[in-house]
Amino acid sequence: VQLQASGGGLVQPGGSLRLSCAASGSIFSINVMGWYRQAPGKQRELVAVIISGGSTNYADSVKGRFTISRDNAKNTVYLQMNSLKPEDTAVYYCNAEQVILRGETHPRYNYWGQGTQVTVSS
C-alpha cells in the first residue's frame, strides 16, 4: 500500500489550500484516514481524521477552518484548509489505519504518505 499526497505549496495568510492523498495497492477497505503535520523543531501532531462512515475529529487549532473528507471508492482523503495562518506552516502527512487488503481479513496499520510542504507567509 502506498499513500501519495499532493496539493501543498506557498500561500498568504488568510488563503486556502486543498490537500489530497490517494492510497493505492491491493486494498479492500480503509477504516481510518487522516492528516498529521510536523513543524520544524516540533513533534508530529494530529490535524484531522475521518472514519469510513464519515465521522470526523479535528485538532482544536484547526476547528472551523479545516475540513477533512474522503472518497471511499477512490481510497482518497482530502483536507480543505481555509483561513490559513503562519502557524499552520508544516509538512503535512497523510495516514491510513485499519487497512484490509484483498484476500485478507485482519487489519493492517501505520501507513504514511511522503509529506507535502505547506508554507503560510506573506
Side-chain angles (χ1 to χ4, degrees):
V1 175
Q2 291 188 326
L3 301 182
Q4 182 68 46
S6 61
L10 172 64
V11 64
Q12 293 186 342
S16 298
L17 281 175
R18 188 187 192 220
L19 306 183
S20 299
C21 177
S24 62
S26 187
I27 299 169
F28 177 74
S29 65
I30 304 175
N31 190 34
V32 183
M33 300 190 81
W35 291 94
Y36 291 72
R37 66 186 182 188
Q38 187 167 18
K42 294 189 176 182
Q43 300 254 9
R44 189 174 296 189
E45 63 177 4
L46 171 72
V47 176
V49 292
I50 183 167
I51 311 301
S52 57
S55 297
T56 59
N57 189 36
Y58 294 91
D60 288 343
S61 59
V62 307
K63 282 181 181 176
R65 300 188 298 121
F66 291 10
T67 302
I68 190 170
S69 61
R70 63 187 287 175
D71 183 333
N72 290 332
K74 296 181 179 180
N75 291 321
T76 299
V77 63
Y78 306 96
L79 186 68
Q80 178 66 43
M81 304 185 293
N82 299 329
S83 302
L84 282 160
K85 304 176 181 180
E87 51 264 44
D88 294 317
T89 295
V91 177
Y92 283 69
Y93 297 91
C94 58
N95 168 261
E97 304 287 348
Q98 298 180 25
V99 178
I100 297 180
L101 302 182
R102 295 187 189 281
E104 297 185 354
T105 57
H106 61 279
R108 294 173 181 262
Y109 296 84
N110 208 32
Y111 292 99
W112 292 91
Q114 84 284 8
T116 184
Q117 177 70 47
V118 172
T119 303
V120 185
S121 175
S122 55

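All values below were derived from every heavy atom in this structure, side-chain atoms included, with hydrogens, water molecules and symmetry-related copies excluded. Bear in mind that the values here come from a model prediction, so they are computed numbers and not experimental data. Quick note: residue numbers are just sequence positions, from 1.
- Side chains of Tyr93 and Gln38 form a contact here, defined as non-hydrogen atoms less than 4.5 Å apart.
- Panel note: side chain Asn72, backbone Ser52; a donor-acceptor pair is recorded below 3.5 Å.
- When the side chains of ILVMFWY residues are joined at heavy-atom separations under 4.5 Å, either directly or via intervening members, Tyr58 and Val47 end up in a single hydrophobic cluster.
- Distance alone, capped at 3.5 Å, places no donor-acceptor pair between the Arg18 side chain and the Met81 backbone.
- Counting only heavy atoms from C-beta outward, the side chains of Val1 and Ile27 approach each other to under 4.5 Å.
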**Asked** After noting the C-alpha distance and the side-chain angles of Leu46 and Asn57, does the key distance pass the side-chain contact (heavy atoms from CB on, under 4.5 Å) rule?
**Response** CA-CA 9 Å; Leu46 171 72; Asn57 189 36; 4.3 Å; yes
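- Using modelled atom types and a 3.5 Å distance limit, the side chains of Thr76 and Asp71 yield no donor-acceptor pair.
- Looking at Lys63 and Asp60, a side-chain N of the basic residue comes within less than 4.0 Å of a carboxylate O on the acidic one, giving a salt bridge.
- Between Leu17 and Gly7, the shortest heavy-atom contact is CD2-O, 3.9 Å.
- Taking 4.5 Å as the limit, some side-chain heavy atom of Gln98 sits within range of a side-chain heavy atom of Tyr109.
- Atom OG of Ser55 and atom CD1 of Ile50 lie 8.0 Å apart (nearest 0.5 Å).
- Between Arg108 and Leu101, the shortest heavy-atom distance links the atoms NE-CD1, 3.3 Å.
- For the pair Ala23 and Leu3, the tightest heavy-atom approach, listed with the atom from each and the gap, is CB-CD2, 3.2 Å.
- The shortest distance between side-chain heavy atoms of Leu84 and Phe66 falls below 4.5 Å.
- Listed for the Gln114 side chain is a donor-acceptor partner under 3.5 Å among the backbone atoms of Ala5.
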**Message:** Set out, in order, the CA-CA distance, both residues' side-chain angles and the distance that settles side-chain contact (heavy atoms from CB on, under 4.5 Å) for Asn95 and Trp35, then state yes or no.
**Reply:** CA-CA 6 Å; Asn95 168 261; Trp35 291 94; over 6 Å; no
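- Using a 4.5 Å cut-off on side-chain heavy atoms (C-beta onward), Ser121 and Leu10 make contact.
- Side-chain contact, Tyr36 with Arg44: no donor N or O sits under 3.5 Å from an acceptor N or O.
- By the 4.5 Å heavy-atom criterion applied to side chains, Val77 and Ile30 are not counted as neighbours.
- Contact detail for Ala39 and Ala90: the closest heavy-atom pair is N-CB, 3.8 Å.
- Nearest heavy atom pair, residue Val120 against residue Thr89, reads N-OG1, 2.9 Å.
- Between the side chains of Thr119 and Gln117, at least one donor N or O sits under 3.5 Å from an acceptor N or O.
- Remark: side-chain polar atoms of Thr116 are paired, donor with acceptor, to backbone N or O of Gly8 under 3.5 angstrom.
- Side-chain contact between Val99 and Tyr111 is present, with heavy atoms from C-beta onward closer than 4.5 Å.
- Within the 3.5 Å criterion, the main-chain N or O of Thr67 finds no donor-acceptor partner in the side chain of Gln80.
- By the neighbour-count criterion of 12 heavy atoms within 6.0 Å, atom CD of Gln2 is sparsely surrounded, having that number or fewer from other residues, nucleotides or ligands.
- The neighbour count for Gln43 CD, taken as heavy atoms of other residues, nucleotides or ligands under 6.0 Å away, does not exceed 12.
- The SG atom of Cys21 sits 8.0 Å away from the CD atom of Gln4 when rounded to the nearest 0.5 Å.
- Of the possible donor and acceptor atoms, none in the side chain of Ser20 sits under 3.5 Å from a partner among the backbone N and O of Tyr78.
- Counting only heavy atoms from C-beta outward, the side chains of Thr56 and Val49 never approach each other to under 4.5 Å.
- Using modelled atom types, no side-chain atom of Arg37 and backbone atom of Val91 make a donor-acceptor pair closer than 3.5 Å.
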